[in-house]
Amino acid sequence: MSERIPVQIIERVEPSRANVKVKSSDNLIHTRSFTGLFRNLRVSGAGFLFLLFFGTVWLDWGGRQAVLWDLADSKFHIFGATFWPQDFILLSALLIICAFGLFAITVFAGRVWCGYTCPQSSWTWIFMWCEKLTEGERNQRIKLQAAPWGVNKLLRRSAKHSLWLAISVLTGLTFVGYFTPIRPLANELLTLQLSGVSLFWVLFFAGATYINAGWLREAVCMHMCPYARFQSVMFDKDTLTVSYDAARGENRGPRKREVDPASVGLGDCIDCQMCVQVCPTGIDIRDGLQMECIGCAACIDACDSIMDKMGYARGLVSYTSEAVLQGGQTRLLRPRLIGYCAVLLVMIGALVLALVERPMVSLDVSKDRGLFRENSQGQIENIYSLKIINKTQQRQQYHLTLVDGDGFQLQGKTEVSLAAGEIFDFPVSVTMIAEHPSSGSQTISFEVVDSDDASVRSLAKSRFVAPLNR
Ligand code: SF4
Ligand code: SF4
């Protein structure tokens, strides 16, 4: 059984009404920029995410937008496949798989999702890059913040907010473009002809982006994201987390490069604060693992560059486990991780099977509210409303029958030709012939079969209501 490792609660001055600052552009955390392996990984992760988000919406597939959630018709198109409300169980399964995937990754490597691919982190990094572009490096930004308002400050701030707003509107437009075809939407926006509803949602998501990535930033991770709250429950002694090696780093303190730290009673930490200055959540990793840490590894890059300059071995701050810090070794294969991976594999297998076996025609039957009626020949008759959906991308011909329908007659349309994705609603009646062997209500089954491929079929059951004494 794996032991959990504690997430430190660092003592802070309790905020009171008097000292709680409203978050504004004047109290943003000004991070120092840096380069390094993990920064490059993060740029790659965010770049991939942006490409996926901003690029996919413009792709076409089979004469239609490749990924489109058509709310009006309750259909989800994705690269030539169309999913209907009846298929949304598959979407739920996919979300559960994603959740288990996140659990497995968290058990293995902590909050890598937060650090590398979470949209909140990725958009925040982009907004921070805009800040650096318009207001300069960390020191210049701090000076600008302290400076009185003047032309320089006004121009730089305006440029920053203009860039933020441009990215926000583009994000809002792209997001709405996954629900409303993007090309007409963009055209309407450019020609100022956007409908009120579309304009509302574009502005809503643009506003959310501007506020979350520009102003709230780490506050979203600390106070709004539920994952930050429960992720520590999944950590164990073998989970890889960004950690400071206190045994090696303490006692911390400045020294000259040529001085042997041991000779002056110091460890390898020169107390330069670089790891704090690059941290997007403004914490000091030397205080231990904290809830605010999003696992971005910016402090690893920063500290490694300092270690290089000092001629010390890298890794004073590194991805490591509690087990290693206590002198042991990280166990990669452990029951909890194996359990998550096994469940994940089973669920992925089941989802793939369900997708392959997904019926490409759907049949819904609902019985008319009247119980039954007697027709002119004295036969008992029930009325049903049928709905057939052609889930394929081609026109199909279908044949409707009653399964095991001895003693019943189906009357109405039994041959139906439907265009790709077409939904067809129509009434049919079923009569119980006089020679029917039994009386009273019973279950009947309707089946629709593809005329070209008998393996494509869908069955739907209903009740046939009849008096008992016939
Ligand atoms: S960057 Fe490294 S050396 Fe500098 S304060 Fe942080 S842990 Fe110490
Ligand atoms: S402590 Fe390090 S890994 Fe954690 S958020 Fe700050 S910079 Fe990123």
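Start at 1 and go down the list; that is how both ligands and their atoms are numbered. Source: prediction; values computed, not measured.
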Quick one: which ligand 1 atoms are inside 4.0 Å of a heavy atom on Arg286? 5 (S), 7 (S)
Does this structure show an ion pair linking Glu292 with Arg217, if we count only N-O contacts that are shorter than 4.0 Å? no
Give me the residue, atom name and distance of the protein heavy atom closest to atom 4 (Fe) of ligand 1. Cys272 SG, 2.3 Å
Could you tell me whether Arg252 approaches ligand 1 through its side chain, its backbone, both or neither, with non-hydrogen atoms closer than 4.0 Å? neither
Under 4.0 Å between a side-chain nitrogen and a carboxylate oxygen: does that hold for Arg334 and Asp236? yes
Is a salt bridge present between Glu135 and Arg156, judged by a nitrogen-to-oxygen distance below 4.0 Å? no
Listing protein N, O or S under 2.8 Å around atom 8 (Fe) of ligand 2 gives Cys296 SG
Tell me whether Arg39 is salt-bridged to Asp301, with the criterion being a basic N under 4.0 Å from an acidic carboxylate O. no
Which is closest to atom 8 (Fe) of ligand 1 in terms of heavy atoms, Cys269, Cys275, Gly249? Cys269
Quick one: does any side-chain atom of Asp70 pair with a main-chain N or O of Phe179 as donor and acceptor, under 3.5 Å? no
Any chance the rings of Tyr319 and Phe38 have centres within less than 6.0 Å? yes
Distance, nearest 0.5 Å, that separates OG of Ser74 from CH2 of Trp69: 10.0 Å
I need the nearest protein heavy-atom contact for atom 3 (S) of ligand 1: residue, atom name and distance, please. Ile270 N, 3.5 Å
Ring-ring centroid check Phe100 Phe103, cutoff 6.0 Å: yes
Side chain to side chain donor-acceptor pair (under 3.5 Å): pairs with one or both residues in residues 181-192, sequence neighbours excluded: Asp60-Arg183, Thr191-Gln193
Metal proximity, Cys303 vs atom 2 (Fe) of ligand 1, N/O/S cut-off 2.8 Å: yes
